[in-house]
Structure formats: structure tokens, C-alpha cells
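Everything below concerns the one structure shown next.
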Amino acid sequence: MGNANHITRILFLIYCPVIIAQNLDWKAHDVGNIYDIVTNTWCQGDVAGGGSMGGLPSRTLIYPKGSESTYQASVDASGIEPTIAARKYTLDGPISVTSSGPFSCNEVYPSTAEWDTIWHVQRGEIVDIPYWPGYEGISDQDFVRRASDYNIDPSGDSYIQLCESDDNPHTDPLFIDVITTSHAWANPPLDEFMIWQNYIIPTHGKLYNVYFGWYWGMCIGNMPAPSGLDDCVYYDPENYLSIGYDDERQDDGPVPGPIGHKMYPVEKWTPNGREKINLDELNTSFIPYYDPTGATDIDIYNDVFLADRIEQEYCGPYSRGASSEWTIYGPIDSLVFGDTLKVTWSQILGQGYEGFYQNLSVSDWLYENDFSSPAPPPSPEVSFSIASNQVTLDWTPTTGGVNPEEWQDDIRLDTELEPQPFEGYRVYKSAESLYGPWTLLAEFDIDNNDFFNNTGLSRTFTDEGLLNNIEYYYSVTSFSKPDIVTNFPSVESSISGNAIEVIVGTGVPETVGEVAAVPNPYRGDVYYNTFNPPWEKAGSAGIWMEQDRRIQFINLPYPSKLIIYTLSGDVVRTLDHNDPLKGYKDWDLTSNVGQTVASGIYLFSAEDLKNNEVQTGKFVIIK
């Protein structure tokens with residue numbers, strides 16, 4: 001992070017509290033095998049935003065990415081809500097608990113400054129963030145954000161909390177800034193955990209007996225079915241690890257999990273240097289069923305932060321109090337202006353306990369290695385050409401463009417033995433989304449060496465037998481040789497990070513004459529969303545709904561107008577076709593006023609707006 005005092009001085013100079021934050025933001029970690037939402041309110045998921053962050057997916061965490069196994073059943077039960085507590089000003093001063101979630105009143109928001117959002121930084125990229133000049137990315141996907149727990153009452157000089165009320169009493173804020181960096185890696189063996197680093201910086205007064213940790217409203221299960229009814233939590237004291245899992249004895253389907261959060265030693269930065277504090281020097285509280293609803297800061301401080309006990313083990317059913325847990329460490333004697341408390345943890349997933357603990361060991365290794373690891377080669381730049389029922393992908397390196405075959409990595413220790421770490425390319429395909437699930441179509445690697453299959457390099461690939469006017473998704477990744485000195489395995493660039501959408505077909509016709517509705521008849525008793533590839537796709541919630549129905553009008557010229565009528569001549573829907581690259585238009589079976597249409601015979605007219613030629617036709621809907 002650079003010099004702690006330098007960062008603190010910058011934060012103090014731009015400290016400008018406001019009553020309402022205007023730039024709530026969220027982003028998704030999606031390069032590895034975990035899909036996870038973060039916000040700039042110091043939490044995962046739209047916990048703090050109360051639904052105010054537009055477009056936020058309902059699935060907060062999905063593992064494996066692209067699957068239906070979700071670890072968070074709803075936004076309200078999304079992942080970790082970090083929290084910190086302390087006495088202010090004196091050893092017997094007032095108590096304050098700063099939380100990032102709604103269970104004890106969210107108190108941590110960004111400022112209104114345009115730049116106080118979520119910064120995305122890639123490995124090795126250097127970015128000048130206003131509060132962190134010269135930040136250098138350490139993972140394939142770093143998110144950097146800052147929030148504060150103070151706000152000013154414009155009517156006077158007193159400080160208030162945004163959500164303080166008679167029903168939710170809280171003491172004064174701690175007056176802290178929190179910078180959080182989260183880190184995700186794209187390739188095995190680093191792609192099934194994420195690292196979170198929190199820099200807690202006092203901006204006013206002195207804090208005593210500082211405790212830190214999280215509240216975790218954990219819920220494991222499959223969407224959209226009810227979940228959380230058989231979830232359990234427990235604590236692994238040897239690894240400072242809180243764990244949630246699904247009780248397979250009560251689960252009829254596949255059991256996801258486990259999921260865990262590992263706390264690493266904390267660091268206290270002062271003007272005189274840095275002190276590492278091992279967790280065995282601190283008290284540990286693991287309270288798996290304390291419901292904070294309606295509790296005051298003093299209640300939470302006394303009942304949870306001062307508990308100094310580990311309560312093992314607790315199982316659901318899920319509620320705010322059950323299938324959740326508090327994990328708290330402390331106390332740190334004091335923090336004053338000029339200090340920074342760095343708190344680091346890892347969020348770990350895996351296939352079963354064997355995979356989970358293997359990923360934990362890799363996370364520990366990465367932490368001990370200061371997050372330095374061999375990188376994958378850069379993703380190739382992919383272009384494509386389409387024809388009827390086929391697509392040809394081309395990733396030939398261009399002059400001045402990215403060339404994975406000439407890439408070097410200073411982290412590797414085998415450069416004298418293997419001066420060129422690049423090994424080959426892999427081609428993937430999905431019929432569902434840019435996030436998969438993916439099918440490996442081909443692998444090409446350098447011939448005549450000791451690695452992989454020696455198939456020989458190719459820089460083009462043609463996929464045939466596709467359906468026209470259907471979305472397909474492709475990715476071409478590059479992968480390295482293993483490091484023969486450290487035995488670090490081959491690493492591969494992100495699949496989703498390089499994914500493209502391709503729609504094959506015959507292109508746009510010159511004029512009307514062969515326009516048709518597909519399917520015809522449309523049948524309401526057919527589950528088009530189960531086709532492979534799916535003809536109808538579920539929305540962002542992952543649940544197929546009425547508005548996801550799809551009739552496609554093909555062979556449309558550009559530009560053109562499509563009008564759908566009843567047999568009696570009433571206009572049902574008017575559709576404008578203004579895409580010069582597509583010869584089709586989708587209709588969701590709703591009218592101009594948003595009503596779903598009934599069964600029946602329908603007519604359509606398609607007008608070529610270039611020459612006013614008109615074609616008519618009919619189709620049938622059976623529900």
C-alpha cells in the first residue's frame with residue numbers, strides 16, 4: 001500500500017462528510033470460478049443499498065461460476081458484512097459499532113465525489129486513485145473502493161448516522177475511513193478463493209479496545225428453490241476459519257460447499273513503523289446465532305465483541321439469527337489519527353472438503369508469498385467471420401497487438417531453462433452465456449516439447465452445424481508451460497474475460513419476400529428454455545418468466561417495420577428493425593401496452609422502409 005502516513009494524510013485532506021451518498025456502485029468478480037458481487041459500501045451484495053443499486057443481480061455469489069448452485073439465496077442474505085467496534089476518546093468513553101449491513105444499521109458509505117466508486121485494476125496495471133496514487137494491481141481482477149462512517153448534519157456541527165432512528169438507536173460514528181481491495185485470479189489453482197484487504201484509518205480522535213470481524217448472514221442452496229433450511233456453521237480454530245456448509249443428510253440434491261472465511265494476521269501501521277499482530281495474541285468470538293435485529297451498539301458490543309468464546313456447532317433453519325455467524329477478533333489497544341489497521345481475509349470455496357482445504361492451502365501460500373504468483377499469458381485478441389450455420393474464429397497475433405507467444409513473466413524461476421513460457425491455446429464454447437458453462441472444443445499447443453499433447457499450434461478454428469440467428473459464446477484462452485523449477489502448474493487466461501457473443505446466419509436480405517415467424521406454431525406447453533442451445537433464456541434472476549417468451553421474425557431487411565395484427569385487424573404490436581447486422585427481430589409475445597397475448601391466429605406485415613415493399617404472413621400461438 002505504500003507509506004501508511006502518506007495515505008492517511010491524503011485521506012484527511014479530502015475528508016468531506018455529507019448527509020447522503022450519491023454514487024452507490026457495484027461490480028462483480030467474474031474472472032475465476034466464483035461469481036461474487038461487491039459494493040462500495042463495504043459489503044458484498046446490495047445489503048447496504050437497500051435495493052437502491054440499479055441492476056444488481058439477485059444472485060450475489062455463485063460457485064461454480066455459471067452453475068445453479070448459489071451460496072447466497074437472496075440479496076438480503078448476501079455474504080460478509082464487515083464490522084468494527086471500539087470505545088472512543090477514552091478507555092471508558094462511549095461505545096460505537098460500525099457495520100456494513102442492515103442488521104445493525106448500515107453506516108459505511110462512499111462520498112459524493114465522482115471518483116469515489118469502485119476502481120477496477122488488472123495485474124501489473126498502475127492507476128492513480130485520488131486516495132491511493134500509484135496503486136498497482138496484484139491479481140487478475142482487483143477492485144478498490146473507499147467508504148466512511150461519518151456524515152454531517154447540515155443544520156449544525158453535530159454528527160449523525162444515516163439510518164439512526166428511535167427504532168434503531170446507535171451511538172456516534174467511529175470516524176473511520178475504510179479502503180477495501182478485493183482480489184480474484186482467473187486460473188487454477190488460484191481461481192476458487194478471493195482475498196480481501198481492509199485498511200481502517202481513523203480520521204478523528206482516538207479509538208480504544210478495537211475489535212474487528214464480520215457478520216455473515218450465510219445461506220447455502222440452489223436457486224430458485226427455498227434454501228437455507230439445512231445450513232450449518234462452525235469454526236476451525238487451527239486455521240482461524242469460519243465455515244458454512246449444507247447438511248447433506250437433509251438435502252435431496254447436490255450439496256454445494258463448503259464456503260469459509262480465513263482471517264490472516266493483522267497489521268498496525270503507525271508513524272514509527274509496522275507491527276504484525278498474530279491472531280493467537282487476540283481474543284476470538286464465534287457466535288453463530290445472535291440476531292442483531294433491534295439491538296443497540298452497546299448490546300452488540302457486550303453480547304458479541306466481548307464474548308471471547310467459540311460456540312460450536314450450529315445448524316439452521318435459516319433466519320437472521322440462525323444459519324449465520326459473527327466472527328470477531330480483538331482488542332487492538334488503540335488507534336489514533338495517523339495509524340492504519342490492515343485486516344486481511346480470504347473467502348474460500350471448493351468441491352467438497354478436500355477441494356476446500358486444498359484451496360485454503362493455496363490461499364495461505366499466496367498470502368505468505370505477498371500475492372506473487374506466475375501469471376497466465378495474456379488473452380489473445382479474437383475476431384470472427386460468420387456464414388450460414390458456422391463461425392470461424394481467428395486469433396492470429398497482429399503487428400502492434402497483444403502476442404501471447406512472446407509474453408514473458410518475471411515471477412517464474414525457470415526462465416533460463418524455458419525462456420518462452422507460452423505453451424498453447426484452448427477454444428471454448430457456451431450456448432448459455434458469456435459466463436458459461438463452457439465446453440472445450442479444441443486445444444493447440446507447441447509441437448515437439450515435453451508438455452501437453454504436442455498437437456501443433458493453430459490460430460483459427462471453424463465451428464459448424466450451428467443454428468442460425470441463435471446466440472453462441474466463444475472464448476480463446478492462452479496457457480503456459482508449468483514452472484519446472486518451482487513446480488507451479490500451467491496457468492491459463494480467463495475464459496469469461498475473453499468471451500465474445502456470435503450469432504451466425506445468412507445476413508440481412510435485400511428486401512422483404514421471405515419473412516417468416518419462428519417457431520410456427522408457438523406452443524405454450526413446450527419448454528423452449530430447456531433446448532440446447534436454449535431458444536428462450538431466463539432473465540438475470542435465473543428464473544424463466546412470461547416475458548422471456550420468444551417468437552423470431554427472420555429474413556428482415558434493414559431498415560424495416562413489423563406490425564402484428566389479430567385476425568380482426570387490431571394492431572397488437574409494432575416492432576422497428578434498425579440493426580444493419582441482423583436479419584431478424586425477436587418478439588416477447590406482449591402487446592404495445594405490455595399485456596401478454598392469447599392463443600389464436602395472428603397476421604403480420606413486414607415493410608421494407610427503403611422501397612416501401614410490404615410482405616404479409618400469418619402464424620399461430622397455442623397456449
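The analysis underlying the following values was restricted to heavy atoms, covering all of them including side chains, and did not include hydrogens, waters or symmetry mates.
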NZ/NE/NH1/NH2 to OD/OE distance under 4.0 Å, K268 and E275: no

Geometric class of the Y357/Y353 ring pair [parallel <30°, tilted 30-60°, perpendicular >60°]: parallel

Heavy-atom pair of closest approach, residues N359 and I348: CB-CG2, 3.9 Å

Side chain to side chain contact (heavy atoms under 4.5 Å, CB included), paired with F479, selected from F422, F452, F451: F452

Candidate list Q197, K27, R145, test side chain to side chain donor-acceptor pair (under 3.5 Å), partner S182, passing option: R145

Aromatic centroids of F488 and W365 separated by under 6.0 Å: yes

Under the side-chain hydrogen bond (donor to acceptor under 3.5 Å, both in side chains) test, residues paired with D414 that sit two or more places apart: R412

Distance-only side-chain donor-acceptor flag, N33 / E192, under 3.5 Å: yes

OH-CD1 distance between Y473 and I495, expressed to the nearest 0.5 angstrom: 16.0 Å

D410 atom CG, neighbour heavy-atom count above 12 within 6.0 Å: no

Ring center gap for Y35 and H29 short of 6.0 angstrom: no

Heavy-atom closest contact (I34 atom, F193 atom, distance): CD1-N, 3.6 Å

Polar contact flag, side-chain donor to acceptor under 3.5 angstrom, D116-S111: yes

T117 and D25 side chains, donor-acceptor separation under 3.5 Å: yes

W345 and W214 aromatic centres sub-6.0 Å: yes

Proximity of Y428 and Y425 rings by center, below 6.0 Å: no

OH-OG1 distance between Y109 and T39, expressed to the nearest 0.5 angstrom: 9.5 Å

Pair T270, D339: side-chain N/O donor-acceptor within cut-off below 3.5 Å: no

With H261 via side-chain hydrogen bond (donor to acceptor under 3.5 Å, both in side chains) - residues at least two apart: Q347

